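Here's the structure, in structure tokens; my notes come after.
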2 protein chains.
Amino acid sequence: MTRKLTILDIAKLAGVGKSTVSRVLTNDPKVKIETRERVEQVIQESGFVPSKSAQAMRGGSAKVVGVIISRLDSPSENKAVSGILDVIYAAGYDAVIMESQFSAEKTNEHLSVLQKRNVDGVILFGFSGCDLSIVESLNHKAVVIAVDTGQISSVGYDNYGIIELAMANLQQQGKQHISFIGVDPSDKTTGLMRLNAYIEYCESANIEPSYQTGQLSHESAYELTDHVLKPETEAIVCASDTLAMGVAKRLQELDRSDVLVSGVGATDLLSFIFPNTFSIDPGYYAAGKASASLLIKQLAGCHDVTHLTQKAMIAQ
Amino acid sequence: MTRKLTILDIAKLAGVGKSTVSRVLTNDPKVKIETRERVEQVIQESGFVPSKSAQAMRGGSAKVVGVIISRLDSPSENKAVSGILDVIYAAGYDAVIMESQFSAEKTNEHLSVLQKRNVDGVILFGFSGCDLSIVESLNHKAVVIAVDTGQISSVGYDNYGIIELAMANLQQQGKQHISFIGVDPSDKTTGLMRLNAYIEYCESANIEPSYQTGQLSHESAYELTDHVLKPETEAIVCASDTLAMGVAKRLQELDRSDVLVSGVGATDLLSFIFPNTFSIDPGYYAAGKASASLLIKQLAGCHDVTHLTQKAMIAQ
DNA sequence: CTGTTAGCGCCTTCAA
DNA sequence: TTGAAGGCGCTAACAG
């Protein structure tokens with residue numbers, strides 16, 4: 001392997017000065033088309049690759065954004081990350097993805113690493129108990145997803161709308177006896193907000209509430225099903241597809257194919273396996289795109305703190 | 001926000017020369033302990049963070065490895081990535097993750113970006129039709145997962161062992177009529193190799209083979225089920241959990257709870273929803289760890305080309 | 001239009 | 001044990 005080439009080598013090879021090479025690299029319009037072609041020719045042939053580290057150091061921007069996801073294997077976050085990547089690649093940035101595993105400590109570690117790396121910005125998937133103080137100090141170089149904080153831009157899911165959408169849909173189908181299974185309210189968004197949304201909807205729609213909360217797992221929902229299932233129950237709304245999976249499984253065992261189940265997450269597997277089922281899509285992909293666009297806008301100089309709420313829709 | 005500090009600022013603040021600060025940063029032993037403490041003190045107080053870009057440019061190593069995954073939402077690759085991250089973080093590296101979406105073109109784009117970024121190494125999740133020529137030129141700075149190539153280190157899954165394990169397990173349970181559903185053999189590993197493993201196992205075990213291949217989707221497997229299901233069928237081995245899900249679903253509809261189904265991937269959902277089911281774990285997490293360890297060893301100077309095969313096991 | 005000249009922030013000889 | 005000086009690869013004035 002030959003030594004790494006630099007613009008100086010290219011300059012010599014092309015018989016020009018190194019700044020001309022630099023100009024070609026940066027698409028500076030004031031280069032004679034002819035010269036440019038010659039330089040590009042040489043670059044091609046020699047397989048020269050400009051050093052990002054040097055560019056980053058010179059220009060101050062590494063064209064990198066950090067993405068701190070809570071769990072790599074979360075389908076919802078995956079969808080959002082896809083949206084993020086699409087946007088930031090298009091804008092010429094790269095992403096370094098890190099996993100917080102819902103640990104505030106790990107998150108802060110990651111943040112400090114990202115800071116060392118001179119990343120241009122950060123997108124953080126928030127979680128209950130996550131410490132936003134460091135992120136806030138990043139000011140206009142960060143966007144938080146899924147939790148709201150006054151000081152820093154965010155993209156949130158419409159936790160109320162999600163549940164309302166499910167409830168309204170069921171009501172339209174003539175269902176009146178609708179139960180709910182969620183997760184522990186110590187989780188502010190998926191837990192508390194969705195539960196409250198259910199309770200409030202029941203009040204305003206004159207539905208007798210019947211609900212249980214537990215862990216975010218199939219098993220937990222499976223076990224809780226019997227506690228909210230009455231002979232007259234017509235539907236069960238779940239705070240997530242994972243829960244819906246457990247509920248639907250239990251209903252199947254009990255031969256209660258009359259009970260409709262709704263989840264949140266747009267997992268195609270759910271309705272494939274259990275027909276009398278539907279899912280609400282909180283708009284993960286769109287939220288990812290939105291957060292990335294927001295960040296890029298801020299990096300470009302827009303210093304407003306914006307709070308977006310992603311609109312939910314019925315999956316498919 | 002104050003201007004970014006440099007070692008020079010720290011040097012002045014601490015009343016030393018900038019090289020001394022640099023020495024402190026690099027843990028150079030020849031610094032009077034007293035001086036070091038003073039410098040570290042100042043660094044703490046001022047919140048100085050050395051610029052990785054500058055370090056990278058100077059030293060040549062950015063302490064970054066690129067990871068090119070085929071799909072972010074692939075549960076199997078997620079597990080492997082977790083393994084990779086665990087290892088490389090521990091070794092002081094960071095990861096920039098990119099998604100190839102099974103496109104050779106995108107992969108090459110990503111590779112060129114990574115090269116520009118001066119990453120220390122690359123881990124690539126291979127796929128059929130993926131163009132390894134560029135990766136090969138990276139020589140000892142790359143590891144490929146899931147496909148084998150002579151020239152470059154790799155960690156592969158034991159596609160034969162995976163199927164053999166499933167078959168043997170079924171035989172032990174007294175099953176003799178075992179069918180197979182896989183994916184199109186144009187996919188070399190999940191498709192061709194696993195199919196061949198099935199056929200060969202049948203030969204040596206004197207089992208009448210009965211198989212179909214299609215797409216890697218629940219629907220495809222669902223539809224193919226009837227083609228391999230005979231009254232005497234006792235089990236169906238599937239090339240992946242996704243397929244197994246489709247097959248189990250169809251069997252449930254047909255009331256064939258007598259037929260056992262096996263998948264590949266260790267998805268907990270599979271056996272949760274369908275009891276008469278089990279899954280083979282190709283060792284994704286371990287493979288991820290192995291590939292990262294391999295890469296780091298190579299970056300540290302070991303220039304052997306190593307090919308590892310991850311051992312499969314029955315999930316749980 | 002193009003070449004020359006400074007640095008960017010850091011690490012590393014080379015002297016002291 | 002420490003400071004001064006040089007240079008990594010690149011970009012951005014500043015002159016031609």
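Since this is a predicted model, take the numbers as computed values, not measurements. Below, read A as the first sequence line, B as the second, and so on, with proteins coming before strands; counting in each chain starts at 1. Any value given below was found using the heavy atoms of this structure, including those in side chains, with hydrogens, waters and symmetry copies removed.
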- Query: Judged by modelled atom types alone, do B/E99 and B/S70 share a side-chain donor-acceptor pair under 3.5 Å?
  - Reply: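 Absent: no donor and acceptor within the cut-off.
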- Relative to each other, are the rings of B/F102 and B/F127 parallel, tilted or perpendicular (30° and 60° limits)? perpendicular
Starting at atom [atom1] of [X], determine the distance to atom [atom2] of [N], rounded to an integer number of angstrom.
X     : N      : atom1 : atom2 : value
B/D28 : D/dT1  : CG    : C1'   : 10 Å
A/R23 : D/dC14 : CZ    : P     : 13 Å
A/K18 : C/dG3  : NZ    : C1'   : 11 Å
A/L5  : D/dC10 : CG    : C1'   : 15 Å
B/I10 : C/dC11 : CD1   : C1'   : 16 Å
B/L8  : C/dC10 : CG    : C1'   : 11 Å
A/I7  : D/dC8  : CD1   : P     : 12 Å
B/N27 : C/dC10 : CG    : C1'   : 15 Å

- Take B/N159 and B/T189 through the side chain to side chain donor-acceptor pair (under 3.5 Å) test and state the conclusion after the steps. CA-CA 7 Å; B/N159 289 290; B/T189 53; 4.9 Å; no
Donor-acceptor pair (no angle test) under 3.5 Å: [X] side chain, [N] base:
X     : N      : value
B/T35 : D/dT2  : no
A/S22 : D/dA12 : no
A/R58 : C/dG9  : no
A/S19 : C/dG3  : yes

- Message: I want to check one thing: is the phosphate of C/dG9, taken as OP1 and OP2, less than 4.0 Å away from some side-chain N or O of B/Q55?
- Response: no
- Message: Both conditions, 6.0 Å and 45 degrees, for the charged tip of B/K79 above the ring of B/Y285: are they met here?
- Response: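 No - B/K79 does not lie over the ring of B/Y285 by the 6.0 Å and 45° rule.
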- Task: Select base, sugar-phosphate, or nothing to describe what B/V16 touches, counting heavy atoms under 4.0 Å on all strands.
- Result: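 The residue B/V16 makes sugar-phosphate contact but no base contact.
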- Is any NZ, NE, NH1 or NH2 atom of the basic residue among B/R117 and A/D94 found under 4.0 Å from an Asp or Glu carboxylate oxygen of the other?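 Yes, this pair counts.
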Of the nucleotides [options], which has the atom closest to the [X] side chain?
X     : options               : result
B/T26 : D/dT1, C/dC11, C/dC10 : C/dC11
A/T20 : C/dG9, D/dT11, C/dT2  : C/dT2
A/K32 : D/dC10, C/dC10, C/dC1 : C/dC1

